[in-house]
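See below for the structure under consideration.
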Amino acid sequence: MDFAFGPEPCMAIGHDILDIGSRKAQAKRQRGALGDAMSPAPLELGMPGQFDLPNVEDPARYCRTNFASVCGTGDEHQAVKFAKGTTTLAFKFNDGIIISVDSRSTMGNYISSGTVQKIIKINPFLLGTMAGGAADCSFWERNLGMECRLYELRNGRRITVAAASKLLANVMSSYRGYGLSMGTMVTGWDETGPQLYYVDDDGTRLKGRYFSVGSGSMYAYGVLDTGYKPDLTVDEAIELGTRAIYHATHRDAASGGINNLYHMTKDGWKFIHAVDVNDLHYKYAEEKKNAMAT
Amino acid sequence: MMSSTTSTFGAPLMRHSEGQVVLGGSGEDAVFKPADYPGREQPYEHRFSPYDFNGGTVAGVSGEDYLVIAADTRMSSGYEILSRNTSKLHQLNPNAILASSGCKTDMDQLRSVLDIKSKIYQHNHRKSMTATSTAQMLSNTLYGRRFFPYYAFNVLGGIDAEGKGCLFSYDAIGSFERTQYSATGSGQAYVIPFLDNVIGNRNHTEEKPTLSKEEVVELMKEAFVSAGERDIYTGDALEIMVMTKDGVTKETFELKKD
């Protein structure tokens, strides 16, 4: 049984008619790359692999029904639950971008970790946030980091935030319908200034002034919408970012842990703080009591 | 959905750990007549599930210069115990030990694939993989099966390049994090709160004590004894491996067999 997958190798200009070896190798690669049930494709290390799909009529439907990273309780029927749940936010202001996240990850009802790093450092001038499926976010953002580095090496200059977010959005588009779950914000400072893009698992890519993503995003938006002004000072902006996350973790069960905050400046990102939201609770309660007393 | 195959059963109904799918109204597909099985009002259809849950608990604690990783040795399926002495711990290279629980076939296959990758790395680079590299490799291997996951919950422990103990906990598709202590498997919810309290010193006001590896080994035994009391899939025996820069020691501790 001899199948040929894909188009026949064509005779391009410069394609040596006597180079039978290359054509044979190409044909063999096309035949053997996918493999079949009886003789699976050999493990070639160092070569980019392909994702195995379940051997059913509609793999996309099977995957999103059984292996999806769904937020809340949508995955109760699944045998295997994946880590997710979160609140992340980012906003642009005159002095850069503030990125503030929580650190809880849940698997069904179980809190699998209270110390997840939801801010992924793609390079010294690009940050990505993680919301949705933890593995999906960390894998694809790490992949994005690799692509950004390759871009730098090939082109001799740093990639723009628009291009980086586009690369990620295209990947998400191509896996649309397979049950991936990722809501990320790609932020950076390139030659056009501070940029903030929201990228989603269905290929949505939006440029904006501020976003909040995750199960606790509604609570964060409430605080963010109230306190946001483009001419905030850096300290006020940090305080706004902290407070928004605190309120989200207070009300959303799937958010909590530690608030990690970064500030994106024209010299790159800067780590600001990692504060336990429990401590913030008592700090704000104290402030409120003092404010009411005076 | 996966197309279901109609199955013919001459023998009495075999209990399947994945359960049965109840068919309402598609009487043609169902082979079982309600009258044959008194007490069952609706016809059932068996659906093949590629996964089975074989149970077991796995835990690890990393210290200043040591790593303690432990796993019970019971393998079950449904309400049956299939084996009382299967090992869930596996040393991948001189710097890392993998402990996994979940579906035994997926654990074994994952172990084989990682062994092969470790060996090829060793041959290509003439050195063993560091623990942090092994951790990333495991994450990528798991994500490579994002659309048909390995049903294996892993904890990877080792000694990192600076000589400090390190521990990484994973979910089924490769999301990982370096932590000081971790537990996974059927008894996760019984072991982790204990470790949070004693090792993480969570919600305590006094100073966090530094523990020696002997103390940690004793704590692990306590943790598994408690887990075995309340989790049916944990018990029989406990294997503990302690890794330092000088090597690995293994100890077996008997647990209750009920």
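The chains referred to below are lettered A, B, ... by the order of the sequence lines, with proteins before strands, and numbering in each begins at 1.
In this structure, chain B has a heavy atom under 4.5 Å from the side chain of A:Y110, while its backbone stays farther away. With a threshold of 4.5 angstrom between heavy atoms, B:Q180 does not approach chain A through any atom at all.
In this structure, B:N140 and A:R142 approach most closely via the heavy-atom pair ND2-NH1, 3.7 Å. Taking every heavy atom of both residues into account, B:D171 and A:A135 meet most closely at OD1-CB, 4.2 Å.
Within the structure, side-chain hydrogen bond (donor to acceptor under 3.5 Å, both in side chains) pairs that include any residue of residues 184-193 of chain B comprise B:S186-B:D231 (at least two apart or interchain).
Note: B:Y143 and A:W140 have perpendicular aromatic rings, judged against thresholds of 30 and 60 degrees for the angle between ring planes.
Residue B:I192 holds its CD1 atom at 11.0 Å from CD1 of A:I111, rounded to the nearest 0.5 Å. A distance of 5.0 Å separates CG of A:L180 from CZ of B:R146, quoted to the nearest 0.5 Å.
More than 12 heavy atoms of other residues, nucleotides or ligands lie within 6.0 Å of CD in A:E287, so this atom counts as buried by the packing criterion. Surrounding NZ of A:K289 are at most 12 heavy atoms belonging to other residues, nucleotides or ligands under 6.0 Å away.
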Side-chain polar contacts of residues 94-103 of chain B - donor-acceptor pairs under 3.5 angstrom, sequence neighbours left out - could you list them?
residue, atom, partner, partner atom, Å
B:N95, ND2, B:M129, O, 2.9
B:S100, OG, B:N154, OD1, 3.4

